[in-house]
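Following: one structure in C-alpha cells, then a few remarks.
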There are 2 protein chains.
Amino acid sequence: MPPPETPLTPDRVLEATEDVLRRFGPAKATVVDVARALGVSHGSVYRHFRTKAALREAVTERWLDQAHDELAAIARAKGPAAERLREWLATLFAAKRRKAGGDPELFATYLSLADENSGTVARHVETMVGDLTKIVESGLASGEFTTRNPRKTAQALWSATAHFHDPVYAEEWSDPGAELAFADLFDLLLNGLRA
Amino acid sequence: MPPPETPLTPDRVLEATEDVLRRFGPAKATVVDVARALGVSHGSVYRHFRTKAALREAVTERWLDQAHDELAAIARAKGPAAERLREWLATLFAAKRRKAGGDPELFATYLSLADENSGTVARHVETMVGDLTKIVESGLASGEFTTRNPRKTAQALWSATAHFHDPVYAEEWSDPGAELAFADLFDLLLNGLRA
DNA sequence: GCGATGACAGATTTCAATATCTGTCATCGC
DNA sequence: GCGATGACAGATATTGAAATCTGTCATCGC
C-alpha cells in the first residue's frame, strides 16, 4: 500500500474500474478489486461513487459516449443531407463493428453493463435519435427530403437500421454480406425520404 | 402408472412436453417429468426423440410455425402488393404482440427455447423472408414497386421492421405509441419501394 | 478539519457434497 | 418379436455452510 502518487479523483477511479472489468469481467469485478488496483481501501472508492451500481453506470456512460464526438460533427456539418445521413450511419456501423470485432470479450463485458443500465442506454439512444433528427431537418429545409415529422422519421430510421447498430445483432456484423445488406437497406430508406 | 389410453405417438409426447414446459419452465422441465405426465418410463420418450435437445427443438418448431398459415395466405393472395405487405406485417406484429402480452411467462419460456435452437429459428426467418419476397415480386410484376433484387429488398424489409417482430424488442410492443411508430416506419418503407 | 481507514452487519457468491437427470441397454411381458 | 421398462454410468443441478462482498460509520493521522 504505497501512498497515492496523485490525489484520488473520480476519473482515476473510473480508469481503475475499466482495468478491473477488462481483467476480471463484469461478473467477477468487485469494488474491493478496484480499491486494490488503486492502492486504497474500498471505503475511499465509496467516497467518489455512492454505490457499486453508480460506478458501473458511470463506466457504461463513458463507453457509450466514446464515438459520439465524431457523429455529432457529421450531424452538424453542412452539405447534402443524404450524404451526411449515409456517412453518419456508416460511421456508427463502423465504430460498432470495430468495438465488437476488435475485442469480443471486452465488448461482451460492456454489453452486460449496458443491460444493467437501461436508463443510461435510453439516454444514449435519445442522443443518437437527436443527431438523426438534425440531419432529417436539414434535409427538409434544403428540399431534399419530404416528411411530416422529422423526429418521428428519425425514430423510424433508428428502428429500421437496428440490425447495424443494436448489439443484439453483433454476430451478424462480421458477415461478409453485411456491407451490402446495409447499402440495400440504406437505398430503400433514402428513396423513402426523398420528395 | 395406468396402462396407456392411446398408443404413445410423437405428437402425444410433444403435447406433454408443452404442458411440462408451461408448468415448470424451460430450466426445470425434464424428460422424466414428460414421461411422468404421460404415465410411461422416460425410456419410452427416448424411443420417439433421440435426445432431450431434439424434443425441445421439435416443440420450438411447432411454436414458430403457429401463425404461418395465415401469413402464407396473405403472401399468396391477389390484390395490391402495398395492401398485402401492410397486412402481412400488421398480422405478424399482432400475432407476436398477442403471444408476448397474453402469457409473458410462456413467451419467455419459448424465447429461451428459441435461443437454444438457432438453426430452427434461422429456417423460420428464411420462411418469413420467402413470404416477403413473394409480395415484393408481385408488386414488381404489377408495376407498383421498383427494385433490382426482390429477395434483397425482402431482407431489407425484414431487417427494417425488426422492432416489430424480433422478440428482443418485445418489451416495447406494449407501448401505446407502438402502432403509430409502426405506421410511420411502414410509410417510409412503402414510399421507398414505390416506382 | 478532513480525507482515508478498516471493523462490522447483512447480502451475495462460492464450493463441495449430494441428489437428480440424461441417455443406454439388457431384460421383461404381451 | 417388439414396444416398454428400469438399473446404471457419467453429466448436470441443487443445496447449505463457509467465504467474500457491499455499504456504513466511528475512529485515525495529517
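Chain identifiers are assigned alphabetically (A, B, ...) following the order of the sequence lines, protein sequences preceding nucleic acid strands; residue numbering begins at 1 within each chain.
Ring-centre distance between Phe164(A) and Tyr169(A): not below the 6.0 Å cut-off.
In this structure, the CG atom of Leu8(A) is 14 Å from the C1' atom of dC2(C), given to the nearest Å. At whole-Å resolution of the value, CG in Leu55(B) and C1' in dC21(C) are 14 Å apart. The CZ-C1' distance, from Arg47(A) to dT27(D), rounds to 13 Å in whole Å.
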#### Entry: Under 4.0 Å protein heavy-atom contacts per nucleotide of nucleotides 17-24 of chain D, with B for base, S for backbone only and - for none
----SBBB
#### Entry: Residues Thr109(A), Arg22(A); criterion side chain to side chain contact (heavy atoms under 4.5 Å, CB included); working and verdict
CA-CA 8 Å; Thr109(A) 291; Arg22(A) 233 184 294 274; over 6 Å; no
### Task
Carefully, step by step, assess His165(B) and Trp158(B) under the rule ring-ring contact (aromatic ring centres under 6.0 Å, His included).
CA-CA 9 Å; His165(B) 57 67; Trp158(B) 181 254; 3.6 Å; yes
### Task
I would like to know whether Tyr110(B) and Leu64(B) meet side chain to side chain contact (heavy atoms under 4.5 Å, CB included); could you show each step before the answer?
CA-CA 9 Å; Tyr110(B) 278 106; Leu64(B) 290 173; over 6 Å; no
### side chain to side chain contact (heavy atoms under 4.5 Å, CB included) assessment of Thr161(B) paired with Leu189(B)
CA-CA 9 Å; Thr161(B) 52; Leu189(B) 292 171; 3.8 Å; yes
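Sorted by first and then second residue, the pairs that involve residues 92-109 of chain B and meet salt bridge (charged side-chain N to carboxylate O under 4.0 Å, His left out), not counting sequence neighbours, are Arg97(B)-Glu179(B).
Annotated stems with DNA chain C as a participant read C:1-30 with D:1-30, given as range with range, by first number; only runs of 3 or more Watson-Crick or G-U pairs under 3.5 Å qualify.
Within the 4.5 Å cutoff, the side chain of His68(B) has heavy atoms near those of the Asp131(B) side chain.
OP1 or OP2 of dT5(C) sits under 4.0 Å from a side-chain N or O of Ser44(A).
Contact check on Arg62(B) versus Glu15(B) returns a salt bridge, with a Lys/Arg side-chain nitrogen under 4.0 Å from an Asp/Glu carboxylate oxygen.
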